[in-house]
Each structure stands twice: as structure tokens, then as C-alpha cells.
Engineer: 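Here it is: the structure, laid out below.
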Amino acid sequence: MTEHHALKIIEVAVPLPLDATFHYGVPPELVCRMKTGVRVLIPFGRRKITGYMIGNVPESAEKIRDIIDVLDEEPLFTEKELDFLRWSAGYYFHPLGEVIKAALPAGINLASRTRSVETADGTLSREEVLKGGRTVKRETFYRALPDVELPVNLRGKGLRLLEYLRRVDEAPAGLLRREFAATTANFHRLQELGLVEFSEREIYRDPFREEVFTHDAPLVLNFHQAAALEQLTAAGIKEQFAPFLLHGVTGSGKTEVYLQAIAQVLERGRTALVLVPEIALTPQLVRRFKSRFRCGIAVLHSGLSDGERYDEWRRIRRREVSIVIGARSALFAPLSHMGIIVVDEEHESSYKQSEGFHYNARDLALVRGKMEGAVVVLGSATPLVTTYHAVQQGKIGYLQLPERVRNLPMPGTELLDARGRKGATFLPELIKAIGDNLAAGGQTLLFLNRRGFATYLVCEECGTVLSCPNCSVTLTYHRRRERHFCHYCDYSIPAPSVCPKCDSQSIALLGRGTERVEEEVREIYVDARIGRMDRDTTTGRGGHARVLKGLENGTIDILVGTQMIAKGHDFPGVTLVGVISADATLNIPDFRSSERTYQLISQVMGRAGRGDAPGRVLIQTLNPEHYAITRAVAHDFAGFYGDEIIFRRETGYPPFAYLAVLVFSGNSAPEVEKGATTAAALLHRLKREAKSRVEILGPVSSPLAMIRGRYRRQILLKSGQRPELHRMIARFRGQVKLPAVVRIAIDIDPLDML
DNA sequence: AGCACGCCGACT
DNA sequence: GTCGGCGTGCTC
């Protein structure tokens, strides 16, 4: 409460899961430093935290406190950037303060914590400690003190924490919070008992390497590339929002189109943003850009240390760079005067942020492009069905590169019907094709998106299936290591010789992974040189490169691999691709599984036949109709713009499109009797009212305290923008007495909201 | 989120 | 008795 009457009142967003913003008074001596976009240190409850100044308010309720300090001389974001952040916060139902925090380089905020300290007379008192505000990355590490007797009254979480710390010696606080839901109180207690000590340390920064770049000139474009560039040029000159899909098959020269379009944008004095799906792809792309352009180029991705990222961010803010290349978070780069945004491989799911502030950078790129008046290019060989749909609706321009550069033909695709021959790894047609290819001196890729030997072990007497005690996923048998592994958490047990439950000897190993395929290939093609590439064979440094070298210098004839072989590498000598089972990915219970299967297989295909031979692709499937119509199936959902913003569980349910999903925890009888609705009853009502777009997953086993609050608030947040969603949720408010997690899928295409 | 308050059950 | 677990409410 302010004594004097502050003349100026500002609106402040705080980086906490709260849907409201807060009003603060500004003491006269700070007024001149106050601008929209600066950070402010504010009293918040009993703490001091960093907030973001987002605007002035003429007057406010009388209960107002004053800010303590202004933390920046210059704003961290402009009004225009704030508009974009506001929009994003509304669209994804996420608190504005957290969205702003996510958009800024990490580790720059100040916050206070109260901490118990022992005073001179031996009593405990509370002391306030201001922390943070550095640009270097730091983390608190806890370590168990040795030879301390265990107090008998330590139980529950505290005990588990201590046991863990004694086992591993030392662990970062973040991990403990995540894995054990440890709270500050737990840490304090262990400390007070003298069981643990902590230290705060800087986490290493990777060194900055300087490279010398040769200068190269633009390449000559082929007909289709030139036509695409021409459309981009025409749109660019208008200097207003224009979205495009650049649909180019693998090896069609999309990057060269990006480069030349960007060159034009730079000539007009505007800037360019290039988003790439993975960090692994950044170095080679950056190298190509640095060779072409002499202007400043900034790189932003999660591999940078906080310090490095902060430096790149400041270079951008100061307009020292004209091109920014980076992963999804680069979308929030403080670039001004954007002329073009490129989203390379727009179908990649790594554009989705699925922790904290959930967003899809591909979608927000369109939104930002609209606000900046920029050309947006979504590039892909296998665009999202959603993007296709937008093209058909005339919402996005279509640029096609149907030919590979140097006019290499595309490989032919043949579907092989595996029905009735389920036990066989190879159909005769595939065996013959591999043999022919071997004889002709060509290389073969065999693709199966499942590693290990057998998918599961089942007892033929009692039906027991080995599964993971932590994840309840079936364990995969790995022959070389003679163990069964959980592919989620890496839990493993030695391979049993009898059923662990009934001691029966008739246990069967069913299903196949790459390890078994490799073995069978060796049996069939005794003279061939065979390699395998999956996570098990590429561990350690250079594991990747070793296998790829083998293909390159021709010491491998047949390579068996998982989706690892589909991404990022070109195999010039490969003239045959065999898909062992398209069904492995087709049967994943997700309404996008057919779309993903198509994308994955297209990518494997794209790797093949880049020499003078066109190459063949053979696809084995139990459901040729399904695969053949995969695009059509996916199109059923094309009208539905679906994108999850809260992921809790992805498994065990049939494909469906949904608007919202409620997950219940602890749906116990006593609670129901008190008048709460059962999950089943709610499901029925929701289905009726939301037109069958609703499914209930659950129950979840997360700590109840976490489920409460946070998610409940999210559904009520700013739903004014979605009246139909708001109405639906509101109807169940107050009825749902049980802790509920609500999963909301946004079904409004951002293009329609602009 | 983090912090305080207030209510219950199992131990010095 | 009182310590610690956890549910609840609040932050301009």
C-alpha cells in the first residue's frame, strides 16, 4: 500500500501461472526510466519478483503497491512484439508473463526467496535473498553429507530424496523437483537436519568457434525454382503478409530458393528469419548462409549457453544482424523490419514446444509474418495435411518443385500385401528385389521403425507379457545384450528362460525389430556385407559417422535401420529401399499416424537413387488400402485444425479428433457420492455437447497438487476468444469436484484468427 | 510458482 | 503435546 500518491500507475505481467496482470505505482524518481517493455522489480505477496511493464493504466483500485526498481535502461520488447506475445498468450491459453519470459533470453530475471538462517543467538529467522539477474547459467546442486545418522522421523518424500542423493552423490535441484516433485520445503528440511549441503555452480558454456567462410555465388535456378522465386519476389515487393507452401521433393533445391528470396529481402533493407527443426541441421545451414551473405547472421538454438544466447539476442536487438537462423524459439527473436520468414521442414513436430508455454512455431510464424507484413515460406517435401488444406482453401500460395535438381528421376513405389503371411519378415518380392540389387552392385536400405530383436515376450501357458514396472509398456527383447528393455525409461531385466510367473518353458518372442531383421538378412544373403543403424549401434561419439562411412565407401551392401536413416543423410549409392512394415507406425493410436507414416516413408524414399539409377521402393504392409489411402484418411481431419496444447498421455486410444479432453485423477466412490460427476457420465455429456470430439484419458498418476490449480486456471483463462469452448467448460465448472486435468486441442487455424 | 495458514494423524 | 504432511487461498 502506497503512502504517497504515485502519479503513475502501470500494468505489469508476472512470469507465474496466473491469468491476471497486476497494477503498480511508480515512485516519482523512477518515472523517467519507465517505458513499456522494461523489467521491473516488484513486491509480490511476501516475495520480490521480476515483472514486465506492459502498459499504463489511468487509475486503479486503491490497493496498490509501488515498484521497487526498474531493471532495464532500454525496453526488452517493442509494442509490436508485445502485440504478438499477447496474441500468442491468448491463442494458447497461457499467462502473458510466462509467454514474455519464454520469448526473452533465459536467466536474466531477478527474484527473491526467503530462506531460514541461524542468527547469533541460535534461533532461526527468515532472511530474504535476491537471486538471479546474471547472464550466466547457474544451478543449485544438492549433495548428501556422508556419515550422518538417519533421523528416524524422516519419512516420505524427504527420505526418498535423501536415499537418492546418497546413491548418486549429487544432483541438480531442477532434476529433483522434476523427478521427485521436491519442493523448497523438502530441501530446507534436509538442510536443517544437516543431511545435505548445496552449492550453486555455473554450468559449462560451450566455446564459441570461429570459422572462415569461403564466398560463393548464387546458383543457376532450374525452371521450377525460378518460377517459385518469381512468385516470392512479386509478393515481397508489396511488403505485406503473404504465406506460401514451398512443396519441393527431397533434393529439389529448396534451400537455394530460400537463399535467393532472402537476398532480395535484404536488398530492400528488411531482415530474414529462418526456422529449422533440429539443432543438428543448423551448422551446415549456417555454413551455407555465411558463405552466401556478408551481413551479420545470428544463430539461436537450445545448444547455446545462456550467456551465448543472451549475446546473440543483444546483437539482434541492436540490429547488428539481418538474418536469424534458429530452432523454434528463434521465432521470438527481436528482429525488426522482417521481410521474410522461412519455416524449413514445416511438418516437423519439433516445432512444437511441449513444456511450459506450449506453442507450435510453424503456426506462430504465420501469425508473426502477418503482423510484420512479411512473406512466410513453409517448406517441405511432405507438407502437413493442414497446410495442404489451407492451400486448397486459397489461404496459402502454392509453389512446387516437382523435380530433383539435375533432373534425377524419382524412385518408383510398390506396395506389397503382407496379409496371410504375417510370420515372414520378407515377402518373396522383396527377397528377390534385394537379391537383384545385390547382383547389380546397388546398395539397399531396409527400414523398420522399431529397434531391438523382439517386440515382446509372451507366455503361451498363462499369457503373461513382460512389461515395465515404471511405464507399463511392454519390454523389448535385445538379443545381443540378452536383456529385455523398456524403450521409455531404459529399465531392463535379464532375459528369463521360463515364464517369471508360472515357470512354464513355452515362452514366445513375438514381433520384430531391426536387430532381428539384421539377423535374418544375414541368413538369407550370406555373402552380403550388412550394417545396422539404430540407437543401439550408434551410441557414443562418431557412431553415426561410422555407419554412414560404410555406406559411402561401399563397404556396406545392405543397411537395416530405424527412422534414423530417414533424416538428414543422403545415400548416393542406394538404389533400393525396403520398408519392412509400414504398419509399425501406421498403428500408433493418434489421428495423425497415417500422415506421419507417409512423411517418414517419403523421407526414406527421398534418400534413395540419387545416382544415375532411379531406384525402387518396396513397402510391405498388412493394410495396403490403408497405406494407399493414407493421404485421404488424413484429409478427413484436414478441416479440423488440431493441435494439442497440453500433452499428458499419448497412448492407448484410437485415432480421433478432439476439442477438449478431461483427465480425471482419483475418481473414487466417496467423492462421487458427495455429488461430483463420474468420469463416465461426464464423458457422455461432453460427447453429446461437443459433437463427439471428446475423449477421456486417464487416470493420471501425477501429484494432485500439481494437477489442481495450474490446469484448472488454464481452461478458464481468456476463453472469451473461444465462446464455444468457454461455454462448454463453464457448464462443467463446479460440477467437477475431482481434480481434473483438461486437455484442450485448439481447433481454430491461426490463419482464420488474423 | 511460492508462501502462509490451518487442519489432521503419529511420534519425541 | 507438536511436528510434518497436505489442502486452501492469495499475490496489484
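Chain letters run A, B, ... following the sequence lines, proteins first and then strands; every chain starts at 1. What's counted below: heavy atoms across the whole structure, side chains too, no hydrogens, waters or symmetry copies.
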Engineer: Whole angstroms only, please: what is the CG-C1' distance between A:Asn186 and B:dA1?
Structural biologist: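 To the nearest whole Å, that distance equals 15 Å.
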Engineer: Within a radius of less than 6.0 Å around CD of A:Glu29, do more than 12 heavy atoms belonging to other residues, nucleotides or ligands occur?
Structural biologist: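 Enclosed: over 12 neighbouring heavy atoms sit under 6.0 Å from CD of A:Glu29.
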Engineer: Under 4.0 Å, counting only non-hydrogen atoms across every strand here, what does A:Tyr24 touch: a base, just sugar-phosphate, or nothing?
Structural biologist: sugar-phosphate
Engineer: How is A:Pro43 classified with respect to the nucleic acid when contacts are heavy atoms under 4.0 Å: base, sugar-phosphate, or nothing?
Structural biologist: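 Sugar-phosphate only.
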Engineer: Measure the distance from NZ on A:Lys48 to C1' on B:dG2 and round it to the nearest whole Å.
Structural biologist: 15 Å
Engineer: Within this structure, what is the CG-to-P distance between A:Leu96 and C:dC12, rounded to whole angstrom?
Structural biologist: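 Checked: the CG to P distance equals 18 Å.
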Engineer: Measure the distance from CE on A:Met53 to C1' on C:dC12 and round it to the nearest whole Å.
Structural biologist: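 My rounded result for the distance is 14 Å.
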Engineer: Locate the shortest heavy-atom distance separating A:Lys101 from A:Pro15; write the atom from each residue and the value.
Structural biologist: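 Closest heavy-atom pair between A:Lys101 and A:Pro15: CD-CB, 3.6 Å.
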Engineer: Work out which heavy atom in A:Ser88 is nearest to a heavy atom in A:Leu364; give both atom names and the distance.
Structural biologist: OG-CD2, 3.7 Å
Engineer: From the options C:dC12, B:dA4, B:dA1, select the nucleotide whose nearest atom is closest to the side chain of A:His23.
Structural biologist: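 The listed nucleotide nearest to A:His23's side chain is C:dC12.
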Engineer: In whole angstrom, give the distance that lies between atom CZ of A:Arg65 and atom C1' of C:dC10.
Structural biologist: 12 Å
Engineer: Within the pair A:Arg189 and C:dG4, is there a side-chain N or O less than 4.0 Å away from OP1 or OP2?
Structural biologist: yes
Engineer: Heavy atoms from C-beta onward define the side chain here; which of B:dA1, B:dC3, C:dC12 lies closest to that of A:Thr184?
Structural biologist: B:dC3
Engineer: Whole angstroms only, please: what is the CZ-C1' distance between A:Phe44 and C:dG9?
Structural biologist: 13 Å
Engineer: Measure the distance from NZ on A:Lys101 to P on B:dA1 and round it to the nearest whole Å.
Structural biologist: 11 Å
Engineer: For A:Ile49 and B:dC3, give me the distance from atom CD1 to atom P, rounded to whole Å.
Structural biologist: 11 Å
Engineer: Using only modelled atom types and a 3.5 angstrom limit, is any donor from either the side chain of A:Arg47 or the base of B:dA1 paired with an acceptor on the other?
Structural biologist: yes
Engineer: Would you say the side chain of A:Met34 lies within less than 4.5 Å of the side chain of A:Met53, judging by non-hydrogen atoms?
Structural biologist: yes
Engineer: Let me know which of A:Asp66, A:Val40, A:Val70 forms a side-chain contact (heavy atoms from CB on, under 4.5 Å) with A:Leu30.
Structural biologist: A:Val70
